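Comments concern the structure below.
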Amino acid sequence: MAYIRQEMSEQREIIQQYSYETRAVHQGYANRTLYINLSSSEIKERPVTQQMKDIFTGGRGFCLWLLWNAVSEKTQWNDPENELILASGPIGGIIQYPGSGKTTVVTLSPLTHNVYDSNGGGYFGPYLKFSGWDAMEIQGKANEDVILFIDGDTGTVQIESAGDLPSDTHLLSEMLTGQYAGSEENMRNISVVSAGQGAENSLLGGLNLSFYDNKRGEIRYKQAARGGVGHVFRDKKIKAIVVKYSHLSASSNGPAKPELIRDAGRRINQEILGLDNKQNNMRTLGTTNLVEIINHTDLLPTENFRYGSDPRAKMISAEYWRDVFDHTSQDSCWYGCSMACAHKVNDFVLKSGPYKGQKVLVDGPEYETIGGMGSNIGVFDPEALLEFNFYCDTYGLDTISMGSSIAFAMECYEVGILDQQVTGGLDLTWGNSDAVLEILHQIARGSGFGLVIGRGIREMKKIFAEQLHADPQFLQDIGMEIKGLEISEYMPKESLAQQGGFALANKGPQHDEAWLIFMDMVKNQIPTFEDKAEALHFFPVFRTWFSLHGLCKLPWNDIIPEDNYLEKEPAKVPSHIRNYLALYEGVTGTPITQKELLEQSERVYNFQRIFNLRMGTGTRAHDYPPYRAVGPVTEKEYLSRVERYDRDLREKVGVDPDKMTLEEKILTLRRYRMDQYEQLVDAVYKRRGWDHDGVPTLETVRRLGIDFPDVVALIKAHGG
């Protein structure tokens, strides 16, 4: 490693410095939060009250509460008062149980214009907490690019001038890790949060969170990529956040009952080591194991979600990645994670852009990148995917939103809404990987039609309708975004529950809230509206719990105990829920039931819905998917599944498709499917304790203990 830290006076100006008392984390909490105002250079600490713990638990809950108190209903994402808040959670940072290194990032999103939570792996969240902070709250805007440095060893927080440091993550993180570590032995004690040139110039910007791969001697990254959090980061002129913590141990979290943590860890680790290679093979393939399964079940988005499979998908499926991934060491993005799913490709030679000809490390690809930047835009070349993956990461671009936005533009190009005169010479035909790379590089350079695509689908719909006179209804039907966020890479046309999982999600259609497509479509485990509503209550609420505590959800249901089929509700993997109850008691010392666990999450989930309401959404009008997520928009789509759709008309709608024109078939099926969706929404709202318009009732907020005066007033103002 070439970069060794110089004296601060020689390298960067210290704009502000704050010293604090270092003290041990107690039963999962540091019991204070860090506040930094970049406009005034103010740094201070704030206490974590018992009320904060009781009501908001930690992680996402703390972030939402801090943001709620920082902004008003008039605040825009790029106002100085908007905050970027990062946190782990009370269980986050344990090293005995896999998947315990997550960081949650919360802000007002430039895509959704609403509160958004994103999460990523790596070391940052745990190191931030162990350095003394349950959350880091950043407000204001700097006058110049700055680095925020938290030294948990000395008890120092600094705002530093960034000077002429490079922007792109693979250069910046390596440089800062070496400089702040001071020696190779200390590299593992540093984590860097960064966002590259792309995040600065695109609403689709994400964050990279670094971790040092000690066995390989490499700096690697995980992403909190969604919702434009990286664009907010750069709008505030943050070049990087660096945290240093050198004393990690099994007791860093100050657990009350460490034996419970050890026992739960022993159980899950035995399952992973004994069963993973028989089940999802996460340790070898990571999430690429999904490609073949999703393609086989007609769920792999292709050509802007028109279709759900493609015979070329085998070219980018797990069997290719099995041979390409480096298997010389375990791939864990947090200490002690035996899931080890964070795979990488070594010495990939770039073929384009500013680093053409250089050998680089590519972290991934993950399934979502393969679906978004691969099949959905018609690219089935794995080497092109690796190039996309590298540049999206180093530029700080979300591969899901990026892929879906390019797919939308490609379909608009196919039907004649766009042409090369509009695109500046870009040939946006399906599968044109050269054009895709040029889009990425244009975004990084801040020029060209790539900047239009980098606005995301919701903004493109407005631009194409207003400036190119495209049909707004057609754009709405094929634009795969909800609430301003591009849909995750699963084709939901044949799964009513997944349509609800995407459209009813608080932050927009991200799969980490409600991934129900297999339960609903493949296994038929939730056939009735009531069954679907129960699933759309339980799973989003339960998955919220992971973000309250700094946990990854993969160890919950990507490894299944052999006797799980004997459980009453096997889809919930009850033995793993019991593990989480043990972890909570082990860290905090407080026993908890499954009902109480769900209430922790339900409280925060409903509070986030109310936050949406405060910011101008949070009602039924905002909970609708584009029709392509529900059924066929075009004749070509209908004909691709004509037997299935004709059968639905005959058996479910009760009409004879043989006596109908193709246009009549499409319209009749649309009316039926949207009516089904309306009935689903009614059932879900009822189960969640919301009124017909999707607003939590006063009874619900009182039951959950979030009936603050301003919450009650807000609900009453909306007819509650």
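All values derive from a computational prediction rather than experimental measurement. Only this structure's heavy atoms are used, side chains among them; waters, hydrogens and symmetry mates stay out.
- Using the six-membered ring where Trp is involved, Trp77 and His231 have ring planes that are tilted, between 30° and 60° apart.
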(request) Decide yes or no on side-chain hydrogen bond (donor to acceptor under 3.5 Å, both in side chains) for Thr107 and Asn82, but give the supporting numbers first. (result) CA-CA 7 Å; Thr107 192; Asn82 184 26; 3.2 Å; yes
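- Side-chain contact check for Leu639 versus Tyr645: every heavy-atom pair is 4.5 Å or farther apart.
- A salt bridge is defined here as a Lys NZ or Arg NE, NH1 or NH2 lying under 4.0 Å from an Asp or Glu carboxylate O, and Lys665 with Asp646 meets this definition.
- With respect to Glu637 and Arg628, a salt bridge is recorded, a charged nitrogen being found less than 4.0 Å from a carboxylate O.
- Counted by atom type alone, Ser194 and Thr169 present one or more donor-acceptor pairs between their side chains at under 3.5 Å.
- Judged by a 6.0 Å distance limit and a 45° cone about the ring axis, Lys523 is not positioned over the six-membered ring of Phe518.
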(request) Before giving the answer on side-chain hydrogen bond (donor to acceptor under 3.5 Å, both in side chains), spell out for Asp393 and Asn208 the whole-Å C-alpha distance, their side-chain angles and the decisive distance to 0.1 Å. (result) CA-CA 7 Å; Asp393 284 356; Asn208 293 294; over 6 Å; no
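- Checking Asn201 against Gln197 by side-chain atom types alone, no donor-acceptor pair falls below 3.5 Å.
- Considering only residues two or more places apart in sequence or on other chains, Thr302 meets the side chain to side chain donor-acceptor pair (under 3.5 Å) condition with none of them.
- Ile370 approaches Thr288 most closely through the heavy-atom pair CD1-CG2, 3.7 Å.
- Taking the charged nitrogens against the carboxylate oxygens, Glu678 and Arg673 have no contact shorter than 4.0 Å, which rules out a salt bridge.
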(request) Evaluate the criterion ring-ring contact (aromatic ring centres under 6.0 Å, His included) for residue pair Trp515 and Phe539; output intermediate values, then yes/no. (result) CA-CA 8 Å; Trp515 194 84; Phe539 286 99; over 10 Å; no
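- Between the side chain of Asp477 and the backbone N or O of Val633 there is no donor-acceptor pair closer than 3.5 Å.
- Interatomic distance, CG of Leu451 versus CD of Gln442, reported as 7.0 Å (0.5 Å rounding).
- For an aromatic pair to be called close, the ring centres must be under 6.0 Å apart, and Tyr490 with Tyr367 satisfies this.
- Between Glu481 and Lys461 there is a salt bridge, with a side-chain nitrogen of the basic residue lying less than 4.0 Å from a carboxylate oxygen of the acidic one.
- Arg644 is linked by a salt bridge (charged side-chain N to carboxylate O under 4.0 Å, His left out) to Asp298, Glu494, counting only residues two or more places apart in sequence or in another chain.
- The closest side-chain donor-acceptor pair between Ser404 and Glu489 falls under 3.5 angstrom.
- In this structure the side chain of His441 reaches within 4.5 angstrom of the side chain of Tyr395, judged on heavy atoms.
- Residues Ile517 and Val522 form no side-chain contact, since every pair of their non-hydrogen atoms from C-beta on lies 4.5 Å or further apart.
- Closest heavy-atom contact between Ser109 and Tyr116: CB-CB, 3.7 Å.
- Judged as a side chain to side chain donor-acceptor pair (under 3.5 Å), and not counting sequence neighbours, the contacts of Gln608 are Arg60, Asp117.
- Arg641 has no carboxylate O lying under 4.0 Å from a charged side-chain N of Asp648, or vice versa, which leaves the two without a salt bridge.
- Comment: Arg687 engages Glu534 in a salt bridge, judged by a side-chain N to carboxylate O separation of less than 4.0 angstrom.
- Contact check on Lys102 versus Asp512 returns no salt bridge, with no Lys/Arg side-chain nitrogen under 4.0 Å from an Asp/Glu carboxylate oxygen.
- Side chains of His343 and Glu366: a donor-acceptor N/O pair is absent below 3.5 angstrom, by distance only.
- Side chains of Thr544 and Ser601: no donor on one and acceptor on the other come within 3.5 Å.
- By the side chain to side chain donor-acceptor pair (under 3.5 Å) test, Ser640 is found to be paired with no residue, residues two or more places apart in sequence or in another chain being considered.
- At least one side-chain heavy atom of Met373 sits under 4.5 Å from a side-chain heavy atom of Met402.
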(request) Starting from the C-alpha separation in whole Å, work towards a yes-or-no answer on side chain to side chain contact (heavy atoms under 4.5 Å, CB included) for Thr104 and Ser118. (result) CA-CA 6 Å; Thr104 292; Ser118 188; over 6 Å; no
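- A cation-pi arrangement is found for Arg670 relative to Tyr627, the charged atom lying closer than 6.0 Å to the ring centre and inside a 45° cone about the ring normal.
- Using bins of under 30°, 30° to 60° and over 60° for the plane-to-plane angle, the ring pair Phe538/Phe542 lands in the parallel bin.
- Remark: of the listed residues Lys314, Arg312, Arg306, Arg312 is the sole one forming a salt bridge (charged side-chain N to carboxylate O under 4.0 Å, His left out) with Asp310.
- Shortest non-hydrogen contact noted between Thr112 and Lys507 is CG2-O, 3.8 Å.
- Under the ring pair (Phe, Tyr, Trp, His ring centres under 6.0 Å) criterion, Tyr605 pairs with no residue at all, not counting sequence neighbours.
- At a threshold of 4.5 Å between non-hydrogen side-chain atoms, the residues Val115 and Met615 do not count as touching.
- For Gln476, the CD atom sits in a packed shell: over 12 heavy atoms of surrounding residues, nucleotides or ligands are nearer than 6.0 Å.
- Note that CG of Leu496 is 9.0 Å distant from CD of Gln679, once rounded to the nearest 0.5 Å.
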(message) side chain to side chain contact (heavy atoms under 4.5 Å, CB included), that's the test. Do Leu554 and Met282 meet it? Break it down for me.
(response) CA-CA 9 Å; Leu554 294 183; Met282 299 291 287; 3.7 Å; yes
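- Side-chain contact annotation: Asp520 with Ser495, donor-acceptor N/O pair under 3.5 Å present.
- Counting heavy atoms from C-beta on, the side chains of Ser488 and Ile400 come closer than 4.5 Å.
- Between the side chains of Thr617 and Asn114, a donor-acceptor pair is found at a separation under 3.5 Å.
- Between Lys686 and Glu530 no salt bridge is recorded (no basic side-chain N to carboxylate O distance below 4.0 Å).
- Using a 4.5 Å cut-off on side-chain heavy atoms (C-beta onward), Met521 and Leu299 make contact.
- Taking all atoms of both residues into account, the shortest heavy-atom contact from Cys63 to Ile85 is O-CD1, 3.4 Å.
- Nearest approach of Pro527 to Lys532, heavy atoms of both residues: O-NZ, 3.2 Å.
- Atom CG of Leu209 sits about 6.5 Å away from atom CG of Leu207, to the nearest 0.5 Å.
- Here the side chains of Leu385 and Trp321 are in contact, with some heavy-atom distance below 4.5 Å.
- Judged by the 6.0 Å distance and 45° axis criteria, Arg543 is not positioned over the aromatic ring of Phe546.
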(message) Quick one, Ile560 with Gln279, criterion side chain to side chain contact (heavy atoms under 4.5 Å, CB included). Give me CA distance, side-chain angles, the key distance, then yes/no.
(response) CA-CA 8 Å; Ile560 303 295; Gln279 296 181 3; 3.8 Å; yes
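- When the side chain to side chain donor-acceptor pair (under 3.5 Å) test is applied to Asp623, the partners found at least two apart in sequence or on another chain are Lys483, Arg609, Tyr685.
- The CD1 atom of Ile453 lies 7.0 Å from the CG atom of Leu426; values are rounded to the nearest 0.5 Å.
- Of all non-hydrogen atoms in Leu475 and Ala465, the two that sit nearest each other are CD1-N, 3.8 Å.
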